[in-house]
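Structure record follows, encoded as structure tokens.
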Amino acid sequence: MRPRIAGLCLAVLVLVLRGPSVSAAATISISPSLASVPVGDIQQFTTTTDPTGPISWSLEITYYTGCPQHCVSHRSTCSGCGTVSPTSTESGTPTTYTAPSTPYHFPNGAQVARLWVVASRGYLSAMAMITIPPISVVASPNPGTVPLSMTQHVTATVANDGTNQGVTWSVQQIGVPCSPACGTVSPTKTASGTPATYTAPAISPVLPVVSVVATSVDDPTKSGSSTQILTTAGGRLICSAGSGKESLLTGKYAFLLQTFGVWGGTSTAGSITANGIGKITGGEEDIIYFSCAGHVPPTISTTASLYSVGPDHRGCLVLTGTDGETTFLRFGLGCVNASGTATAGQFIEFDDTTGAGTRGAGSLRLQDPPAFAASHFKGNYVFGTVGRTPTVAGTAIIGSVGIVGTFESDGVSAIPASDIDLNLGGSITSKAQSAGTFQCCDGNGRGSGLFTDLSPQINFVLYQIDNTEAFFMMTNDLWGTSGEAIAIPSGTSFSQSSLNGTAVLRETAQSAAGPVVDLATVSAEGLGNLRTNDNVNSAGVFATSNTALTYQVASNGRVTLAGTSTPPVLYLYGPNQGFLLGTDANVTFGILEPQTGSPFSDSSFSGAYTLVVENPSSATVMMESGVLTALGNGNASGTLDQSSSTGLAANQGLNVVYSISGKGTGSVGSGTTAVVISSRKLAFIRDTDPNPTISVVEK
């Protein structure tokens, strides 16, 4: 549940002197000349005239439409914006303005809108300016934790509620009432500052995060919420995957999350510190929205950010901001080191109970704090980043964006040179050269920088994982992207022979028809020729193809390809490995890795793995994460957690029959195409799923 960006409209009443004087001696004025009157409250106004006489009182509105191109002014009497009583007084006798008991809304399209209290006497008139501050509601505590079946006092403070009507209470998840399954609140109506009592359910819903919402009685469009995280009696996060293995998650972890919703896409990069017993004791994050301005997130709350890890190494993580906004994740942990600590994990966002919220997938990597220094961010790097959101006509939101390139860091603060390729919704910039600067790193491994010579310049943040790798996110408004930056070993010079042998290419794209995935093997002979064997699912339509291409490798690892109408560009960070960016309108983005371990067989896929979807390209796809155990004999079983447009599904059993050929191709279950990358890694697609993804299974 991520923060949303909302706009507020203020109604204002303004007092100014208007109209020509009847004579040099005739005057009229109002006191006070400026007042703020909350909804339902009152304010007295008094006129002073010379000569004295009767005064008539009324209300008017003025506003403009069509600005700035064709401004048209409007002025009229006002109904529903309050009252003045009496409507006629003698000079010096006050009248009382009463603000409306519910907010007044100006006509649609009104600009520079004003509401006026008007005092008139003959040809003389004056106007009073009043600001009507909007009602606001703040609920506390936010965030909070509460054990199952226990209670928590919640309080709402309502500002600018002139009628003192208070709030009504409800219990919700993702804006949908969920009581009594997710708890109850009593009483359901309280005055401002008067507490209500939330009672947690005896059995947790699948999402153990609840919003206790206070809604203004006077203005139901205004509300505040107290986020409550459900825990065990001992304060441990409720997680249907179980608990008891929290020590697997110990230390600092960098994370990268790509999410999608009906309002667009988001990337989040950050770092958390896990204490090994279920609590997040520190961290920070950066968020970029692809469909609107960038967002400066709140600090991660260390009192309401919790995790659990079950016996099969699946678990739950809730990250809570100090503003009460939460992100709930389900994950699978792999690569346990000699100290008993997981060095990597895969996760999905798991808080979209209705299919109308946000869904996403990402990675978690154990960090090496000694690498949090500029001197360890030195040498040549290759980066690959992508972002997906629908194109919005008439705006700067251009849909999918991919940015790849290579740059040099001096290990102090300068980026002396870079080559960058961009695909901004089908608009291509090739081999843009730029210098830049950077700062690295704080205690969480966070650094930042920019490529200064581009138009517009590209800003980035990074979270250092170790000396060789960082999560990398572009932070430009409206087309932020995220991915990784990987160090090129010192002394490396690339050549034609850097592509030699067999590699596996995983590509995602977003077409007008829907998501597109391609799982391919690439065979290169080291002299400038290669061939791809593609397995493509384009929005449910499956096809295979075999394409011959030529290539040219520059010494910095930039590879140009030819042989198709929209040839992609590839940036290598090692032999047969790099990031690929298409020049097509669908903004194809790919990861190339060498295939090792041939000849293959069913026994090549054996052991315990984590599973997650990689670089999902649409809000319509199913996000999956979990664990899978392959027996090496063609049978595998596991447990998945899924988030889709129909809601959440936890602890889904998986039993599949798989088959691996000598070349490493095969299937993992009916209707799939799989390719073995190494003894530690395999990828597969569902051939005819209309919302396809690439699933990566990794030890």
Side-chain angles (χ1 to χ4, degrees), residues 254-260 265-269 329-335 344-350 359-365 383-388 400 402 404 465 469 471-473 481-484 486 503-510 515-522 534-537 577-582 586-595 609-628 638 640-644 668 672-678 680-687 689 691-699:
F255 68 91
L256 183 69
L257 173 65
Q258 294 176 318
T259 62
F260 302 86
T266 304
S267 272
T268 303
L329 307 170
R330 296 286 293 240
F331 59 78
L333 298 178
C335 300
Q346 316 291 345
F347 57 80
I348 60 170
E349 185 171 353
F350 197 76
R359 296 182 295 281
S363 298
L364 191 72
R365 298 286 301 277
F383 68 88
T385 64
V386 66
R388 308 282 186 188
S400 296
V404 298
I465 297 170
E469 188 175 3
F471 286 134
F472 205 68
M473 186 168 75
T481 63
S482 59
E484 293 183 81
I486 298 178
V504 179
L505 177 63
R506 311 188 299 276
E507 294 181 320
T508 59
Q510 178 66 21
V516 181
V517 298
D518 181 13
L519 183 57
T521 57
V522 179
D534 301 276
N535 302 277
V536 178
N537 179 342
Q577 52 191 333
F579 298 111
L580 178 144
L581 180 65
N586 296 336
V587 190
T588 297
F589 178 81
I591 298 173
L592 183 73
E593 291 186 291
Q595 187 183 57
Y609 297 80
T610 61
L611 181 153
V612 75
V613 298
E614 179 181 73
N615 287 326
S617 60
S618 171
T620 61
V621 306
M622 178 183 289
M623 308 296 175
E624 287 185 320
S625 73
V627 295
L628 185 67
L640 298 180
D641 299 304
Q642 300 169 326
S643 177
S644 70
V668 179
T672 67
T673 295
V675 178
V676 174
I677 301 170
S678 70
R680 301 186 60 85
K681 196 171 189 177
L682 173 148
F684 70 90
I685 64 173
R686 294 179 175 91
D687 296 343
D689 187 335
N691 292 293
T693 57
I694 294 178
S695 295
V696 175
V697 185
E698 187 171 13
K699 286 185 176 179

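On a predicted model such as this, the values are computed, not experimentally measured, just so you know.
Taking 4.5 Å as the limit, every side-chain heavy atom of Ser643 sits out of range of all side-chain heavy atoms of Arg330. Two residues are said to be in side-chain contact when any heavy atoms from C-beta on lie closer than 4.5 Å; Thr268 and Thr259 fail this criterion. Side-chain contact between Leu329 and Leu257 is present, with heavy atoms from C-beta onward closer than 4.5 Å.
The two residues Val612 and Ser625 make their nearest non-hydrogen contact at CG2-CB, 4.1 Å. Counting all heavy atoms, side chain and backbone alike, Pro594 lies closest to Gln577 at CD-CB, 3.7 Å. The two residues Leu256 and Gly483 come nearest to each other via the heavy atoms CD2-O, 3.4 Å. Annotation for Leu682 and Val668: closest pair CD2-CG2, 3.8 Å, computed over non-hydrogen atoms. Closest approach of Cys335 to Lys699, counting heavy atoms only: SG-O, 2.9 Å. Nearest approach of Pro515 to Val621, heavy atoms of both residues: CG-CG1, 3.8 Å.
Taking the salt bridge (charged side-chain N to carboxylate O under 4.0 Å, His left out) definition, one finds that Glu624 meets it with Arg686, sequence neighbours left out. Considering only residues two or more places apart in sequence or on other chains, Val404 meets the side chain to side chain contact (heavy atoms under 4.5 Å, CB included) condition with Asp421, Val569, Tyr571, Phe579, Leu581, Phe589. Remark: Ile677 engages Val504, Arg506, Glu593, Lys681, Ala683 in a side chain to side chain contact (heavy atoms under 4.5 Å, CB included) (not counting sequence neighbours).
A donor-acceptor contact under 3.5 angstrom links the side chains of Gln258 and Ser482, judged on distance only.
A donor-acceptor pair is defined here as one N or O able to donate and one able to accept, closer than 3.5 Å; such a pair exists between the side chain of Asp687 and the backbone of Thr673. Put simply, the side chain of Asp641 never gets that close to the backbone of Ile348: no donor and acceptor are under 3.5 Å apart. Judged by distance alone, the side chain of Asn586 and the main-chain N or O of Thr588 form no donor-acceptor pair under 3.5 Å. Checked by atom type and distance alone, the side chain of Asn535 pairs as donor or acceptor with a backbone atom of Leu519 at under 3.5 Å. A donor-acceptor pair under 3.5 Å links the side-chain atoms of Gln595 to the main chain of Val676, judged by distance alone. With hydrogens and angles ignored, the 3.5 Å screen pairs no side-chain donor or acceptor of Thr481 with any backbone N or O of Gly387.
We find the CZ-CZ distance between Phe350 and Arg359 to be 12.0 Å, quoted to the nearest 0.5 Å. Distance check: Leu364 CG to Phe471 CZ gives 7.5 Å after rounding to the nearest 0.5 Å. With rounding to the nearest 0.5 angstrom, the CZ atom of Arg388 is 4.5 Å from the OG1 atom of Thr508. Glu507 contributes atom CD, which lies 11.5 Å from atom CD of Glu614 (distance to the nearest 0.5 angstrom). Distance check, rounded to the nearest 0.5 Å: CE of Met622 to OG of Ser695 gives 10.5 Å.
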Audit row: Glu484, Phe472, side chain to side chain contact (heavy atoms under 4.5 Å, CB included) steps and yes/no:
CA-CA 5 Å; Glu484 293 183 81; Phe472 205 68; 5.6 Å; no
Before you tell me yes or no, could you show the steps for Leu580 and Leu592 under side chain to side chain contact (heavy atoms under 4.5 Å, CB included), namely the whole-Å CA-CA distance, both residues' side-chain angles and the distance that decides it to 0.1 Å?
CA-CA 7 Å; Leu580 178 144; Leu592 183 73; over 6 Å; no
Are Phe684 and Leu611 close enough, and set up right, to give a side chain to side chain contact (heavy atoms under 4.5 Å, CB included), and what steps lead you there?
CA-CA 10 Å; Phe684 70 90; Leu611 181 153; 3.9 Å; yes
Derivation and outcome, side chain to side chain contact (heavy atoms under 4.5 Å, CB included), residues Asn615 and Ile694:
CA-CA 8 Å; Asn615 287 326; Ile694 294 178; over 6 Å; no
